[in-house]
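Quick notes on the structure that follows.
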Amino acid sequence: MRSGHRLGRQFGWLWGAYGTSALGTWLAFGAFPLIAIQVLHAGPAQVAALSSVGALVGAAVAVPLGPWVEFRRKRLVLIGMDLVRFAALLTIPAAFALGVLSFVQLLLVSVVVAAADITFRAASGAYLKTLLPAEDLLVANARFESTTWTTTVVGPPLGGAAIGLLGPVATVVADAVSYLLSALGIRAAGGQEPRPQRREAARMRVGDLLDGWRYILADATLRPLFFNTALFNGLVMAADALLAVLMLGRLGFTPWQYGLAFAAPAIGGLFGARLARPLVTRFGRHRVLVVAGTLRAIWPVGLVFLGPGTGGLLLVMGVELGLIFCCGVFNPVYATYRLERTAPDRITRTLSAWAVTTRASTALLTAVWGVLGGLFGPRTAIGLAGVLLLTTPLLLPRRAAAPLAETEPTPNHA
């Protein structure tokens, strides 16, 4: 990524807001399960439900929000979703202070936060496309990706220290405040956002809820990329859940070793994101997308050879470093590819459908692999996920596609 490439004041505020909320999220990483275990004395089934059910229901709640957001000013939606997450998260320390915190409240907050997060991500993609010219989208997405991996490195250790000193509720407060600061930053960006063109129908129809999926499945470029990312993300997260069981259980790694195994390799994502634009400039967007998407799939199968001790720790760090580096290259290219291929009046619905599917498939595959881990052992289940990941490059787009505006008119379903 070219040093000093200026993207303007509005993007600067948006980038700062993203970094602030991302840091808050990683500071509070694992806070909900810890609160459930340490404060509410929840069992394994409840802790699993907190992650899987919260994500699934949150994704379902977000489905009607995509079409609703499409025809509203995205900047106001971003501010609103930040404030919703701020208010929802703040109810947890408030209830804890009053001695009325319950597992049901944790579950409801996780649903609200998941739905608001999906909606925010969909609206932010549409907002970014109105904010910057097409030639700057890759630079912007690479900066977001760099920020993601930087906060991944910094956030969990700081959050772990805060939890040790102040308890897990303190990191939830920090996460809530980060969303408030994000909302203030986006508001400070100012500027005039084009008013979305309203559809002829005054009311949203039931069929409108499926517009995002229809648009994706009708496009020969978006369709394979959609299935690739949903399957890849789901299998990686499912394997990671079992990896925690294997490392912290049978192999006897300590919590700090487990945290180090994932935090340190995140540096690879930072370097990968910085290399994304130079690689695209030299080799072309489609080639980088396919090569990085293929290379990221070959690493996880190596986890089947994980053993105890220093050798095992180095193996995990090596696998994660390779995986994260490839993801750091792939993600900004893929995000830009998707934005350029999606018509302006379909972006929010498309991104919302994409995020809903990814969240739901991740939750479903994590649950399935939990069962497989119980039946055959975590190592076997991790190996199966790794083998299936080797097939995901078959779902990458086989041919380069020009941006939508250059190839075909926008289909009209509204």
Side-chain angles (χ1 to χ4, degrees), residues 30 33 44-45 47-48 51-52 55-56 152 224-266 268-269 272 290-331 334 357-396:
V47 174
S51 299
S52 58
L56 283 172
T152 303
L225 197 57
F226 171 71
F227 288 117
N228 172 273
T229 52
L231 183 60
F232 179 87
N233 292 349
L235 288 172
V236 167
M237 294 304 295
D240 281 351
L242 292 174
L243 187 60
V245 175
L246 184 61
M247 290 183 68
L248 297 173
R250 298 182 182 181
L251 298 180
F253 288 98
T254 62
W256 75 263
Q257 289 175 317
Y258 175 76
L260 179 66
F262 290 92
V290 172
V291 172
T294 300
L295 291 178
R296 67 176 185 161
I298 69 176
W299 295 93
V301 72
L303 294 173
V304 76
F305 303 107
L306 176 61
T310 303
L313 183 62
L314 292 176
L315 174 65
V316 175
M317 293 176 69
V319 168
E320 293 297 323
L321 180 64
L323 171 64
I324 292 172
F325 174 80
C326 295
C327 288
V329 175
F330 177 87
N331 288 344
Y334 135 77
T357 303
T358 302
R359 289 289 184 93
S361 62
T362 297
L364 179 61
L365 287 172
T366 299
V368 170
W369 253 255
V371 174
L372 292 175
L375 292 174
F376 305 110
R379 188 185 300 275
T380 301
I382 290 170
L384 177 60
V387 171
L388 290 177
L389 280 166
L390 294 175
T391 68
T392 58
L394 298 175
L395 295 173
L396 290 168

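Scope of the values below: all heavy atoms of this structure, side chains included, with no hydrogens, waters or symmetry mates. Note that the structure is predicted; figures quoted are calculated from it, not measured.
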### Query
Looking at side-chain heavy atoms only, is the closest gap between Phe232 and Cys327 below 4.5 Å?
yes

### Task
Work out which heavy atom in Ala363 is nearest to a heavy atom in Leu56; give both atom names and the distance.
CB-CG, 3.6 Å

### Where Leu295 and Cys326 come nearest, the two heavy atoms and their spacing
CB-SG, 3.7 Å

### Query
Quick check: are there more than 12 heavy atoms from other residues, nucleotides or ligands sitting under 6.0 Å from CE of Met237?
no

#### Entry: Interatomic spacing from CG in Leu321 to CG in Leu314 - rounded to 0.5 Å
11.5 Å

#### Entry: Check: Leu396 and Phe330 side chains under 4.5 Å, non-hydrogen atoms
yes

### Message
Quick check for you: to the nearest 0.5 Å, what is the distance between Ile298 atom CD1 and Leu323 atom CG?
### Response
10.0 Å

### Message
How close do Gly377 and Arg250 get, counting heavy atoms only, and between which atoms?
### Response
CA-NH2, 4.3 Å

### Heavy-atom check, side chain of Arg379 versus side chain of Leu243, under 4.5 Å
no

### Task
For residues Asp240 and Phe262, determine if any side-chain heavy atom of one lies less than 4.5 Å from a side-chain heavy atom of the other.
yes

#### Entry: Derivation and outcome, side-chain contact (heavy atoms from CB on, under 4.5 Å), residues Arg359 and Asn233
CA-CA 9 Å; Arg359 289 289 184 93; Asn233 292 349; over 6 Å; no

### Task
Say whether, by atom type as modelled, one donor and one acceptor occur between the side chain of Gln257 and the main chain of Thr254 under 3.5 angstrom.
yes

### Task
Indicate yes or no for a side-chain donor-acceptor contact from Asn228 to the backbone of Thr392 under 3.5 Å, with no hydrogens or angles considered.
yes

### Query
Where do Leu306 and Gly312 come nearest, in terms of heavy atoms and distance?
CD1-O, 3.2 Å

### Task
Would you name the heavy atoms of Met247 and Ala261 that are closest together and state the gap between them?
CE-CB, 4.2 Å

### Sole candidate of Val316, Val245, Leu246 that passes side chain to side chain contact (heavy atoms under 4.5 Å, CB included) when paired with Leu251
Leu246

### Query
How long is the span from the CG atom in Leu384 to the CG atom in Leu235, to the nearest 0.5 Å?
8.5 Å

### Rounded distance [0.5 Å steps], CG in Leu303 versus CG in Leu242
11.0 Å

### Query
Would you say Trp369's side chain and Ala381's backbone share a donor-acceptor pair under 3.5 angstrom?
yes

### Nearest-0.5 Å distance that lies between atom OG1 in Thr229 and atom CG in Leu395
9.5 Å

### Task
State, yes or no, whether a side-chain contact exists between Leu389 and Val301 at a heavy-atom distance under 4.5 Å.
no

### Message
As an exercise, state the distance from OG1 of Thr380 to CG of Leu375, rounded to the nearest 0.5 Å.
### Response
11.0 Å

### Message
Looking at every heavy atom in both Ala385 and Ala239, which two are closest together, and how far apart are they?
### Response
CB-CB, 4.1 Å

